[in-house]
*Asks:* 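My structure is below; once you've seen it, I'll send some questions.
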There are 2 protein chains.
Amino acid sequence: MSKSKIAPNYAGFMAARPRFFSGEDSPRAFLERCIERIDAHDATVKAFVCKSYEQARQAADASTERYRKGAPLSLVDGMPLGVKDIIDTADMPTQMNNAYFNGHQSRIDAACVKASRLSGAVVVGKTVTTEFAIGRSGPTVNPWNAEHTPGGSSSGSAAGAAAGFFSTGFGTQTQGSTIRPASYCGVVGYKPTLGALPLEGVHPLSTTHDHLGLLSEGVTEAWALARQISATIGAQDSLGLNGPLDTPVTAQAPLRVGVMKTQGWEEMDAASASAFDKVLAQISALGVELVWPMGSRALADFCQAADQIPEKSLDLVAMDMRWPFIEYLEKAPDLMGPRIHELIQRASRLTDQDYRAHLLYRDALREAALRLSTEFDCLLLPAASSPAPEGFVFTGSRTLLTYSSFLGLPAYSIPATLVGGLPLGVQLMGAWGQDYMLTRHAAWLHERLCKNIF
Amino acid sequence: MSKSKIAPNYAGFMAARPRFFSGEDSPRAFLERCIERIDAHDATVKAFVCKSYEQARQAADASTERYRKGAPLSLVDGMPLGVKDIIDTADMPTQMNNAYFNGHQSRIDAACVKASRLSGAVVVGKTVTTEFAIGRSGPTVNPWNAEHTPGGSSSGSAAGAAAGFFSTGFGTQTQGSTIRPASYCGVVGYKPTLGALPLEGVHPLSTTHDHLGLLSEGVTEAWALARQISATIGAQDSLGLNGPLDTPVTAQAPLRVGVMKTQGWEEMDAASASAFDKVLAQISALGVELVWPMGSRALADFCQAADQIPEKSLDLVAMDMRWPFIEYLEKAPDLMGPRIHELIQRASRLTDQDYRAHLLYRDALREAALRLSTEFDCLLLPAASSPAPEGFVFTGSRTLLTYSSFLGLPAYSIPATLVGGLPLGVQLMGAWGQDYMLTRHAAWLHERLCKNIF
């Protein structure tokens, strides 16, 4: 099986952490290994917009000191992080990959960054985003093949996590911007329940769709960070994330999984479909009962109803984008890419009645998903319709990603197989607010499938 | 009955509007009457942080032209507005009444301001807020008596609407910042259902509690503006506001109203309690059936449960304030008032389990309120425990205001009586999302009670 030179299977943060106490290893040494990889490969990968080695080293030294005293601040104390460049940082500009925000410096950190720092995590730099996380692509390449896109919009956080530049990168997902690049880059992508992690200080596209996302070397690392943020500066007006705070997540096998076979699967190319079939066979062989729509009336109805999601999803996003993009287009029309213009035009053809109708459709489908969760431990579908496409303009189809985004349900992308030498993930989708149980299933599957790609 | 020199009963915007078409009157002339009052009285009232006459006159002239052509953009085309100084405006600084934001200039308008401008409304200036809408008071005085507070935190918008400086002022309400100053200043206050109007571009305190609020000369004007915003740049992930868009709201009598008698009423002084009793007698005499808790088991239970709201409400606000205030306190501790320090300390004593428990309590009480709405057209209680207190440090008790804020239910304050020459309002509270019907009841009551104070 083909191996990437830039995206090997590094020893992860949670595996290294026990040795921080004894001094055999340290957060500072862990950071220096990340910096070595950045210095060796980022000229190719182009994951970063800007880096902050000096502050990172200071933070890692302080963390090292805490472990030496046996008193780290949290499970993620010392964890190196990348921060998508639509997420505010008080010590680095946030430029949205759009010239209108060139040099833009926020006053303070976004809530997720502040919570991470208060928990001891180490911010390494800002990572490339597509324009406002929805428009033109940035320069980042896929660490598995430099002629291919890393996917968007969390391009730099996905590629950087894959290349071992940091343990975990902050991304966002409005329609597919975490799960898709995670699949393309062969890393774990985690998109929590809508609203379960704080979005304050993240440039908005759509309140109905925006999620903070995590792109990580592992399920354990992604979850530890998410859970810790929730306990430190939790999301407002949300029940947030539950589960133990001070111990790494333990894997648990799902027993019965619904295969969410929608029209979106028809977008898959033959090689991807065949590789994905093999992954499903492998999961079955591990003792998981996979139920297809023909085996469950409720699942069949749900999948059929979900086929309306991609179009309605884009309508809601376009309507939500009226603020701030109507005014950006007035003030700097030439700086805004064609996709921004197109979406605001789409919004102008829709009414508040359309908006309400879409929300009511969504709420009904959320109810249906909740009923399904009594029948299945989770749902499963491909994390993308193909491996990373060649070139950098098209960041891939969003269809298979819109379901969990539109419904706000928690989702993971787990690296599952290689297609033509490039990763393809399996997507797990859980019940509203049941992120912890989904995480345990994702951890179980990750332990068993990751050897397929490394 | 005593009359204020600065707060007379001006002919309102909706009354003047029909004459804009004929040219007998015009938005420009209406604006000039506002400016005359500002120039005559704002040296005393101090409602404004900054004014924008030139841009207001340009906007009013453009509006005048549209009416002459018989094609106004909306019901609120030409309506002069004040904007609370925690709400972003692209052409004026937004300074939060805190030195950390001295000279702070936002890139674009807040969503409510942009939607208003797109609908033809005329922004006259920025109005005084208490520090971040929760801390130290500003210089504004009560137009009815310059020795008394106008109430907070929407001080300038309440006082400015009372003094005829603009038709309607944007405020916000986290715990009581719209309904209370409306009561103190003898204007209409409207706090919509939580999330029904957009808050993008408004400095946040608390996602569970922050509402955009309107302080207005009338129910008709407040509703026309709110409804128009909802149709132009509606609130995200909300069903928004319903009801006719192109005709002013028509009054409708409520038939059966629940009197929400809580422990909070015990804060009322004797004169206010007696005056409020007379208002209730007057409402009964108008043919409205008033039901007290002793007459409805469901209402009695609801009122008793609501007595826990004030403390839980403050807990949620304090927890929500962690972002951005933890970092403001780190970066500029000496600039932050004692109330900010105190609330972040309060948050530090609470856990995410406390937060979840409070949300679940709230959700249960929202359910109870929904059941009550099948029994009553709306609920009624005092809009404040007294008229405006003397002095400027204490902006009044929030207890009676926290119920609708915590539950997110729509509420109006309607000027109802004078106590010692100062106004006191009656508060109406409606069912979640039923803002239009509540508005019709509020309009009916306003028509009948406003002669009590003017």
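Naming convention: chains lettered A, B, ... in sequence-line order (proteins, then strands); numbering from 1 in each chain. What's counted below: heavy atoms across the whole structure, side chains too, no hydrogens, waters or symmetry copies. The model shown is predicted, which means the values in this text are computed figures rather than measured ones.
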*Asks:* Please identify, among B/His358, B/Gln353, B/Met319, B/Glu330, the residue contributing the most non-hydrogen atom pairs under 4.5 Å to chain A.
*Replies:*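 Highest number of pairs under 4.5 Å: B/Glu330.
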*Asks:* Among B/Gly240, B/Ser238, B/Ala347, which has the most heavy-atom pairs under 4.5 Å with chain A?
*Replies:*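 Top option by heavy-atom pairs under 4.5 Å: B/Ser238.
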*Asks:* Please give me the minimum heavy-atom distance between A/Asp320 and B/Asp237, naming the atom from each residue.
*Replies:*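 Answer, listing the atom of A/Asp320 first, then B/Asp237: OD1-N, 4.4 Å.
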*Asks:* Would you compute the distance between atom CZ of A/Phe325 and atom CD1 of B/Ile233 and round it to the nearest 0.5 angstrom?
*Replies:*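 These two atoms lie 12.5 Å from each other.
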*Asks:* Which atoms of A/Leu316 come close to chain B, meaning under 4.5 Å heavy atom to heavy atom: side chain ones, backbone ones, both, or neither?
*Replies:*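 Neither; nothing under 4.5 Å.
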*Asks:* Search all heavy atoms of B/Tyr100 against all heavy atoms of A/Arg107 and return the closest pair with its distance.
*Replies:*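 So the minimum-distance heavy-atom pair works out to O-NH1, 2.6 Å.
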*Asks:* Between B/Tyr328, B/Phe101, B/Tyr355, which residue shows the highest count of heavy-atom pairs closer than 4.5 Å to chain A?
*Replies:*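 The option with the most such pairs is B/Phe101.
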*Asks:* If you count heavy-atom pairs under 4.5 Å between each of A/Thr208, A/Ile108, A/Leu118, A/Leu359 and chain B, which one has the most?
*Replies:*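 The answer is A/Ile108.
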*Asks:* Please report the shortest heavy-atom distance between B/Thr232 and A/Arg322, naming the atom on each side.
*Replies:*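 Between these two residues, the closest heavy atoms are O-NH1, 2.9 Å.
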*Asks:* I'd like to know whether CG of A/Asp246 has more than 12 heavy-atom contacts from other residues, nucleotides or ligands below 6.0 angstrom.
*Replies:*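 Atom CG in A/Asp246 is not packed in, count stays at 12 or less.
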*Asks:* Which bit of A/Ala110 comes within less than 4.5 Å of chain B, counting heavy atoms only: side chain, backbone, both or neither?
*Replies:*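 When you check distances to chain B, only backbone atoms of A/Ala110 fall under 4.5 Å.
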*Asks:* Quick one: are B/Leu239 and A/Leu360 in side-chain contact, heavy atoms under 4.5 Å?
*Replies:*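 Yes, their side chains come closer than 4.5 Å.
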*Asks:* Verify, without hydrogens or angle tests, whether B/Arg356 (side chain) and A/Asn242 (backbone) share a donor-acceptor contact under 3.5 angstrom.
*Replies:*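 No; zero donor-acceptor contacts below 3.5 Å.
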*Asks:* Quick check for you: among B/Glu200, B/His104, B/His209, B/Gln236, which has the greatest number of heavy-atom pairs under 4.5 Å with chain A?
*Replies:*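 If we count pairs closer than 4.5 Å to chain A, B/Gln236 comes out on top.
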*Asks:* Should the pair A/Arg117-B/Glu327 be classified as a salt bridge under the 4.0 Å nitrogen-to-oxygen rule?
*Replies:*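 Between B/Glu327 and A/Arg117 there is no salt bridge, as every charged N stays at least 4.0 Å from the carboxylate O atoms.
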*Asks:* Tell me, do B/Asp352 and A/Leu241 make a side-chain contact under 4.5 Å, heavy atoms counted?
*Replies:*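 The answer is no, as the side chains (C-beta and beyond) never meet within the 4.5 Å cut-off.
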*Asks:* Does the distance from a Lys or Arg side-chain N to an Asp or Glu carboxylate O, for A/Lys331 and B/Asp109, drop under 4.0 Å?
*Replies:*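 No, this pair does not count.
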